[in-house]
**Q** 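Please read through the structure below; I'll follow up with questions.
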Amino acid sequence: LATKHCSSKPGLRYSVSDWDTSNKQISDTAEHRRHMSHMTRQEGRALRNETTSKTNWDKSDSSRRLSDRIWDISRWRETLESCIQEVEKEMDALTLGKEETERALTATAVPLEVTVECLTLREGRRGNELVSDPVEAQLKKEVEMIDGAQRVLQQRIDKAFEQLCLLQVSRQQLTHDLQNKIEAQDIDLSCLSITVTSPKTSLKPNPLRIPIGSTTPQQWEQFSQYNVARAQEEMQASLQLREDMSVTRAQLQNELDAQRIATVFAIRKRTHHLEQAHDETQWQMKSSQDEISDMERDIRSLENDLQAKMAPLKLVHTRLENRTKRPGVDLCRDEVQYGLVDEANQLEATILALKQKLAQAQYALQALQLHQAQMGEDLSRKKDALSLEQRSLETRSRLASAAFTDVSSGAVVPLTISSGRHNLELA
């Protein structure tokens, strides 16, 4: 049974050589595995050293780049802050120039009112004194000049307002750019301050993604350069506008002063001519009045003489009539008769001559009196005209206290900003 049991057990039988070979193969394989493990360990150590160095270098290089970037941002921050300060200074200067121009525009209201009032006053002249003289021409010219000055000043004010809006836009763009750079610098400073031991570090999902709206360094720098360049252009335009406003105000001041002087000179000259004409008319009236008095005395003398001739005429008529009663041949045409007839004719001729002269004298007196009345009316008109000219001069004296550039700033409402002077509300 034992023999049967042993003979019935299946299995492959190895030889001793196979066994030795197997043992050697196991030993060789173990040595190979150990060698490979050693090589792997050596390579791992080298890789650890290399990656550690690379990681440290990359970290240091990233920190250096962050530092350089922070410096670039700081440089642009200084540039933007300086440019914003310059823009605000220019806005302050332009606002002051605009306010001066507004005061100059407001100051033209009084001269215009005075000039129009003078024209209205002179419309009160009567009769032949209502003439189109040099005074009227100068006053109308002054009105036209003031109207033109108001239009020019208003154009400058409107242009200044538009330029302030452009400066405000530039300032807003610079401020927005500066705020972005401050925020970006804060982020980079925060990144620079983070270390491997910082508790804020963690793995993020898809950190290598490119954010929407990313720009290149060239675009980043060109954007700030454009903002600064545009602000400088607007400041240069504002400077030119301020110079134009200053020159315009000075030029208009000189022109209006010259015209005001010319108008006053014309009024004074006209007043002098009116005074001469007034004095001449007064002298003529006095002379005519003297002549009227003399004429009235002469008329009374003529009337008295004429009345005095009536008694001799009655006498000679009575004598002639009485001598017609002589009787017979005594009714003689003797020398007495001829003498009485001659005397009667002479008296009648004298009376006729006196009557004619009296009529002429009365007609001349009436003409003198009529012309005297006309001269009185003319003198009254001249007095009125002279009074109006003097009132015009008195009215224009208001211009001395209303200087072209000396107007209360309370009438002006300037634009103000948060920094103190101009805050434009842009749509």
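Values below: every heavy atom of this structure, side chains too, minus hydrogens, waters and symmetry copies. We're numbering straight along the sequence, starting at 1.
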**Q** Are any of the side-chain heavy atoms of Glu255 and Leu252 separated by less than 4.5 Å?
**A**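 Glu255 reaches Leu252 side chain to side chain.
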
**Q** Look only at the side chain of Ser62 and the backbone of Lys59, and say whether a donor-acceptor pair between them is shorter than 3.5 Å.
**A**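 No, the answer is negative, given that no donor and acceptor are paired below the 3.5 Å cut-off.
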
**Q** Test Gln356 against Gln360 for side chain to side chain donor-acceptor pair (under 3.5 Å), laying out the working first.
**A** CA-CA 6 Å; Gln356 291 176 347; Gln360 292 177 359; 5.9 Å; no

**Q** Without swapping roles, check the side chain of Ser287 against the backbone of Trp283 for a donor-acceptor pair under 3.5 Å.
**A**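 Yes, because the side chain of Ser287 sits within donor-acceptor range (under 3.5 Å) of the backbone of Trp283.
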
**Q** Is Arg65 salt-bridged to Asp58, cutoff N-O under 4.0 Å?
**A**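 No salt bridge links Arg65 with Asp58.
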
**Q** Counting heavy atoms not belonging to Arg333, are there more than 12 under 6.0 Å from its CZ?
**A**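 It does not: Arg333 CZ has 12 such atoms or fewer within range.
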
**Q** Go through the steps to decide whether Asp158 and Lys98 satisfy the test salt bridge (Lys or Arg N to Asp or Glu O under 4.0 Å), and finish with yes or no.
**A** CA-CA 9 Å; Asp158 295 341; Lys98 177 175 171 291; over 6 Å; no

**Q** Apply side chain to side chain donor-acceptor pair (under 3.5 Å) to the pair Arg270 and His273, showing each step before the final yes or no.
**A** CA-CA 5 Å; Arg270 180 62 180 171; His273 289 167; 5.1 Å; no

**Q** Cut-off 3.5 Å, no hydrogens considered: what does the side-chain donor-acceptor table look like for residues 342-353, sequence neighbours left out?
**A**
residue, atom, partner, partner atom, Å
Asn345, ND2, Val341, O, 3.3
Glu348, OE2, His317, NE2, 3.4
Thr350, OG1, Gln346, O, 2.8

**Q** Can you find a heavy atom in the side chain of His272 that is under 4.5 Å from one in the side chain of Arg268?
**A**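 Not touching, per the 4.5 Å side-chain cut-off.
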
**Q** Is any side-chain heavy atom of Leu47 closer than 4.5 Å to one of Glu43?
**A**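 Not in contact.
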
**Q** Could you measure the distance from the CG atom of Leu340 to the CG atom of Asn322? Nearest 0.5 Å is fine.
**A**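 Answer rounded to 0.5 Å: 10.5 Å.
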
**Q** Could you verify whether a donor N or O on one side chain and an acceptor N or O on the other, from Thr52 and Lys54, lie under 3.5 Å apart?
**A**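 Per modelled atom types, Thr52 and Lys54 side chains form no pair under 3.5 Å.
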
**Q** Would you please say whether a donor-acceptor pair under 3.5 Å links the side chains of Thr101 and Arg156?
**A**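 Absent: no donor and acceptor within the cut-off.
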
**Q** In Å and rounded to the nearest 0.5 Å, what is the OG to CG distance from Ser288 to Leu368?
**A**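 Reported to 0.5 Å precision, the distance equals 6.0 Å.
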
**Q** Counting only N and O atoms by type, is there a donor-acceptor contact under 3.5 Å from the side chain of Thr175 to the main-chain atoms of Arg171?
**A**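 Looks like yes, one N/O pair under 3.5 Å.
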
**Q** Will you find, in the side chains of His176 and Asn180, an N or O donor that is under 3.5 Å from an N or O acceptor?
**A**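 Distance-only check passes for His176 and Asn180.
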
**Q** I need the single residue from Glu303, Glu296, Met295 that forms a side chain to side chain contact (heavy atoms under 4.5 Å, CB included) with Gln362. Which is it?
**A**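 That would be Glu303; it is the only one of Glu303, Glu296, Met295 passing the side chain to side chain contact (heavy atoms under 4.5 Å, CB included) with Gln362.
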
**Q** Heavy atoms only: give me the nearest Lys309-Leu354 pair and the separation to one decimal.
**A**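 Answer, listing the atom of Lys309 first, then Leu354: CG-CD1, 3.8 Å.
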
**Q** Does a side-chain heavy-atom distance below 4.5 Å link Arg77 with Leu80?
**A**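 Arg77 does not reach Leu80 side chain to side chain.
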
**Q** Check residues 137-151 and write down every donor-acceptor pair under 3.5 Å in which the side-chain atom is one partner and the other belongs to a residue at least two apart or another chain.
**A**
residue, atom, partner, partner atom, Å
Gln138, OE1, Gln259, NE2, 2.7
Lys140, NZ, Glu136, OE2, 3.1
Glu142, OE1, Thr263, OG1, 3.0
Glu142, OE1, Arg396, NH1, 3.3
Glu142, OE1, Arg396, NH2, 3.1
Glu142, OE2, Arg396, NH2, 3.0
Gln150, NE2, Thr108, OG1, 3.0

**Q** Can I get a per-line list of side-chain donor-acceptor pairs under 3.5 Å for residues 222-231, giving both atom names and the distance, sequence neighbours left out?
**A**
residue, atom, partner, partner atom, Å
Ser224, OG, Asp177, OD2, 2.8
Ser224, OG, Lys181, NZ, 2.6
Asn227, ND2, Asp177, OD2, 3.4
Asn227, ND2, Phe223, O, 3.4
Arg230, NH1, Gln173, OE1, 3.2

**Q** How about Arg125 and Arg381: do any of their side-chain heavy atoms sit closer than 4.5 Å?
**A**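 A side-chain contact is absent here, since even the closest heavy-atom pair is not under 4.5 Å.
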
**Q** Can you confirm whether Arg33 is buried at CZ, in the sense that more than 12 heavy atoms of other residues, nucleotides or ligands lie under 6.0 Å from that atom?
**A**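 No - once you tally the heavy atoms of other residues, nucleotides and ligands closer than 6.0 Å, there are 12 at most.
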
**Q** Hey, are Glu117 and Arg398 close enough for a salt bridge, meaning a charged N less than 4.0 Å from a carboxylate O?
**A**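 Salt bridge flag = yes for Arg398 with Glu117.
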
**Q** Is it true that Arg126 and Asp384 make a salt bridge, defined as a side-chain N closer than 4.0 Å to a carboxylate O?
**A**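 Salt bridge present between Arg126 and Asp384.
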
**Q** Do Thr95 side-chain atoms and Met91 backbone N/O form a donor-acceptor pair below 3.5 Å?
**A**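 Yes, because the side chain of Thr95 sits within donor-acceptor range (under 3.5 Å) of the backbone of Met91.
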
**Q** Under a 4.5 Å cut-off applied to non-hydrogen side-chain atoms, are Glu100 and Met245 in contact?
**A**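 No. Closest side-chain heavy atoms not under 4.5 Å.
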
**Q** Regarding Ser392 and Thr395, is there a side-chain donor-to-acceptor distance under 3.5 Å anywhere?
**A**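 Checked: Ser392/Thr395 side chains show no N/O donor-acceptor pair below 3.5 Å.
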
**Q** Counting only heavy atoms not in Gln307 (residues, nucleotides, ligands), do more than 12 fall under 6.0 Å from its CD?
**A**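 Not more than 12 within 6.0 Å, no.
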
**Q** Any idea which heavy atoms bring Ser214 and Pro211 closest together, and the distance?
**A**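 Smallest interatomic distance, heavy atoms only, reads OG-O, 2.6 Å.
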
**Q** Is there side-chain contact between Leu256 and Pro111, with heavy atoms separated by less than 4.5 Å?
**A**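 Side chain of Leu256 against side chain of Pro111, heavy atoms only: no contact under 4.5 Å found.
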
**Q** Does any N or O in the side chain of Asp61 come within less than 3.5 Å of the main-chain N or O of Trp57, such that one atom is a donor and the other an acceptor?
**A**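 Answer holds: no.
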
**Q** Tell me whether Arg69 forms a cation-pi arrangement with Trp220, defined as NZ or CZ under 6.0 Å from the six-membered ring centre and within 45 degrees of its axis.
**A**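 Positive - Arg69 is close enough to the ring of Trp220 and near enough to its axis.
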
**Q** Let me see the working for Lys383 and Asp378 under salt bridge (Lys or Arg N to Asp or Glu O under 4.0 Å), right down to the final yes or no.
**A** CA-CA 9 Å; Lys383 285 181 179 180; Asp378 185 68; over 6 Å; no

**Q** Please check if atom CD in Glu335 has more than 12 non-hydrogen atoms from other residues, nucleotides or ligands closer than 6.0 Å.
**A**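 At most 12 heavy atoms, drawn from other residues, nucleotides or ligands, come within 6.0 Å of this atom.
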
**Q** Please step through side chain to side chain donor-acceptor pair (under 3.5 Å) for the pair Lys269 and Thr271, ending with a clear verdict.
**A** CA-CA 5 Å; Lys269 185 177 180 180; Thr271 301; over 6 Å; no

**Q** So does Arg391 have more than 12 non-hydrogen atoms from other groups sitting under 6.0 Å from CZ?
**A**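 Counting other residues, nucleotides and ligands, CZ of Arg391 stays at 12 neighbours or fewer.
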
**Q** Looking only at heavy atoms, which two atoms of Leu167 and Met235 are closest? And how far apart?
**A**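 Distance-wise, the nearest heavy atoms are CD2-N, 3.9 Å.
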
**Q** Do the side chains of Arg249 and Leu153 get nearer than 4.5 Å, heavy atoms only?
**A**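 The answer is yes; the side chains approach within 4.5 Å.
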
**Q** Do NZ/NE/NH1/NH2 and the carboxylate oxygens of Lys325 and Asp330 come within less than 4.0 Å?
**A**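 Looking at Lys325 and Asp330, the cut-off is not met.
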
**Q** For Leu379 and Met285, which heavy atoms make the closest approach, and how far apart are they?
**A**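 So the two residues come closest at CD2-SD, 3.6 Å.
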
**Q** How far apart are the C-alpha atoms of Gln179 and Glu183, what are their side-chain angles, what is the distance that settles it, and do they pass the side chain to side chain donor-acceptor pair (under 3.5 Å) test?
**A** CA-CA 6 Å; Gln179 290 174 346; Glu183 185 176 353; over 6 Å; no

**Q** Looking only at heavy atoms, which two atoms of Val135 and Ala266 are closest? And how far apart?
**A**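 Residues Val135 and Ala266, closest heavy atoms: CG2-O, 3.2 Å.
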
**Q** Under 3.5 Å, side chain of Ser82 to main-chain N/O of Thr79, donor-acceptor pair present?
**A**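 Side chain of Ser82 to backbone of Thr79: no pair is present.
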
**Q** Do Glu389 and Arg122 sit within salt-bridge range, that is, some charged N less than 4.0 Å from a carboxylate O?
**A**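 Yes, charged N to carboxylate O under 4.0 Å.
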
**Q** For Gln185 versus Ile73, what's the shortest heavy-atom pair and its separation?
**A**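 Heavy atoms of Gln185 and Ile73 come nearest at CB-CG2, 3.6 Å.
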
**Q** Main chain of Thr197, side chain of Thr201: is a donor-acceptor contact present, judged purely on distance under 3.5 Å?
**A**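 No, the answer is negative, given that no donor and acceptor are paired below the 3.5 Å cut-off.
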
**Q** Under a 3.5 Å threshold, yes or no: a donor from one side chain and an acceptor from the other, between Ser238 and Gln163?
**A**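 Not at all, the side chains of Ser238 and Gln163 share no donor-acceptor pair under 3.5 Å.
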
**Q** Assess the residue pair Arg260 and Asp257 against the criterion (salt bridge (Lys or Arg N to Asp or Glu O under 4.0 Å)); give the C-alpha distance rounded to whole Å, side-chain angles, the decisive distance to 0.1 Å, and a yes or no.
**A** CA-CA 5 Å; Arg260 185 160 56 244; Asp257 284 345; 2.3 Å; yes

